[in-house]
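Nothing fancy with the numbering, it's 1 onward along the sequence. It should be emphasised that the depicted structure is a prediction, and the values quoted were computed from it without experimental measurement. We count ligands from 1, going down the list as the structure has it; atoms in each ligand are counted the same way.
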Amino acid sequence: MPNRKDHTIADAEHIGPRHVAIIMDGNGRWATQRGRPRLFGHRAGAKRVREIVETCPDIGVEYLTIFAFSTENWKRTQVEVAGLMSLFRRYIIKETRAVHSFGARVRFIGDRVQLDKKLIALMDELETLTENNTRVHLTVALNYGGRDEVARATRRLAEDVAAGKLRPQDVTEETLPTYLDTCVLPDPDLVIRTSGEARISNFLLWQSAYAEYEFVDTLWPDFSRKEFTSLCRSYGIRDRRYGGVKR
Ligand code: IPE
Ligand code: IPE
Ligand code: MG
């Protein structure tokens with residue numbers, strides 16, 4: 001761990017977060033404030049993603065993980081859920097070229113089983129197309145829930161134990177996360193939630209054990225490169241102790 005004591009905001013980019021995860025919340029309220037249907041807010045929200053992704057390399061963020069749809073979001077009206085699913089399909093088609101030429105490697109986490117076949121095919125295609133890109137690692141959490149992820153991971157782990165591939169005594173803090181959807185990603189350093197709610201809503205429960213949190217009032221469709229940069233800068237001057245003492 002570097003000694004953070006003497007760092008100032010000016011050199012914050014050198015010690016900024018490597019992995020930022022964002023709970024993109026507030027699309028519905030943004031639309032309601034304008035007297036428009038919730039889906040209008042979701043479309044505006046989707047348009048913000050590109051700018052945030054493209055900011056990452058400039059400020060040293062190597063991994064960006066965004067929460068697009070939770071396992072609990074199926075509770076919304078059929079109109080909203082269907083609208084979101086159609087937006088995801090159209091958005092992937094529309095953004096594929098830009099995301100690939102920018103050099104982003106895209107991954108999806110969450111349970112795909114309940115998603116429609118066409119959407120799954122588009123997700124697979126985008127992952128394959130971008131698999132050699134390294135400029136920024138963009139992970140989209142779609143039908144993702146932290147508890148669901150841990151339950152699915154545990155099921156696979158139990159299968160391996162039953163098959164004799166893993167001994168119960170080998171289930172540790174190191175082996176368990178290799179069964180999570182995020183197994184190839186580092187843990188998030190900073191989790192940002194927009195819209196003023198101070199809760200994590202089942203996002204990256206295991207992975208965020210030592211993350212720093214920023215809850216901002218901005219509704220997601222208004223979230224900008226400037227605010228993102230400023231949150232990442234102030235992260236750089238925080239003192240993460242991981243249970244130890246300040247060095
Ligand atoms: C976040 O915005 C997007 C999704 C959950 C899909 P919301 O739709 O939750 O917006 P609010 O919280 O109702 O304003
Ligand atoms: C969290 O937002 C999920 C996403 C941003 C995709 P929600 O709006 O679903 O969370 P709650 O219902 O306020 O906890
Ligand atoms: Mg919400």
Does any N/O atom on R193 come nearer than 3.5 Å to any N/O atom on ligand 2? yes
Interfacing atoms of ligand 2 (cut-off 4.0 Å, heavy-atom, [X]):
X: R199; answer: 11 (P), 13 (O), 14 (O)
X: F69; answer: 6 (C)
X: D25; answer: 2 (O), 8 (O)
X: I23; answer: 1 (C), 5 (C)

Which of parallel (below 30°), tilted (30 to 60°) and perpendicular (above 60°) describes Y210 and Y242?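 Ring orientation, 0 to 90° scale: tilted.
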What orientation do Y144 and F67 show, parallel under 30°, tilted 30 to 60°, or perpendicular over 60°? perpendicular
Is A68 touching ligand 1 with its side chain, its backbone, both, or neither, if touching means heavy atoms under 4.0 Å apart?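 The answer is the backbone.
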Is the closest side-chain heavy-atom distance between V49 and I52 below 4.5 Å? no
Are the side chains of L126 and T128 in contact, using a 4.5 Å heavy-atom criterion?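 No, too far: nothing below the 4.5 Å cut-off.
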Is the positively charged end of R193 above the ring of Y213, judged by distance under 6.0 angstrom from the centroid and angle within 45° of the axis? no
Establish, yes or no, whether the cationic atom of R34 lies under 6.0 Å from the six-membered ring centre of W30 and within 45° of the ring axis.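 Cation-pi check for R34 and W30: passes.
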Option among H19, H137, Q207 that satisfies the side-chain hydrogen bond (donor to acceptor under 3.5 Å, both in side chains) test with T65: H19
Please compare R38, R76, M24, Q33 and report which has the shortest non-hydrogen distance to atom 5 (C) of ligand 1.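 The residue whose heavy atom sits nearest atom 5 (C) of ligand 1 is R76.
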Selection from G45, G28, S201, G26 by shortest heavy-atom distance to atom 14 (O) of ligand 2: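 Closest candidate by heavy-atom distance is S201.
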Out of all atoms in ligand 1, which are within 4.0 Å of some heavy atom of R29? Include the element for each.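 Contacts of ligand 1 toward R29, numbered from 1: 11 (P), 12 (O), 14 (O).
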Run the side-chain contact (heavy atoms from CB on, under 4.5 Å) check on D58 and R225 step by step: do they pass? CA-CA 11 Å; D58 300 342; R225 176 187 175 95; 2.7 Å; yes
Among protein heavy atoms, which lies nearest atom 9 (O) of ligand 2, and at what distance? N73 ND2, 2.8 Å
Which is the closest N/O/S atom of D25 when seen from the Mg ion (ligand 3)?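 Result for D25 and the Mg ion (ligand 3): OD1.
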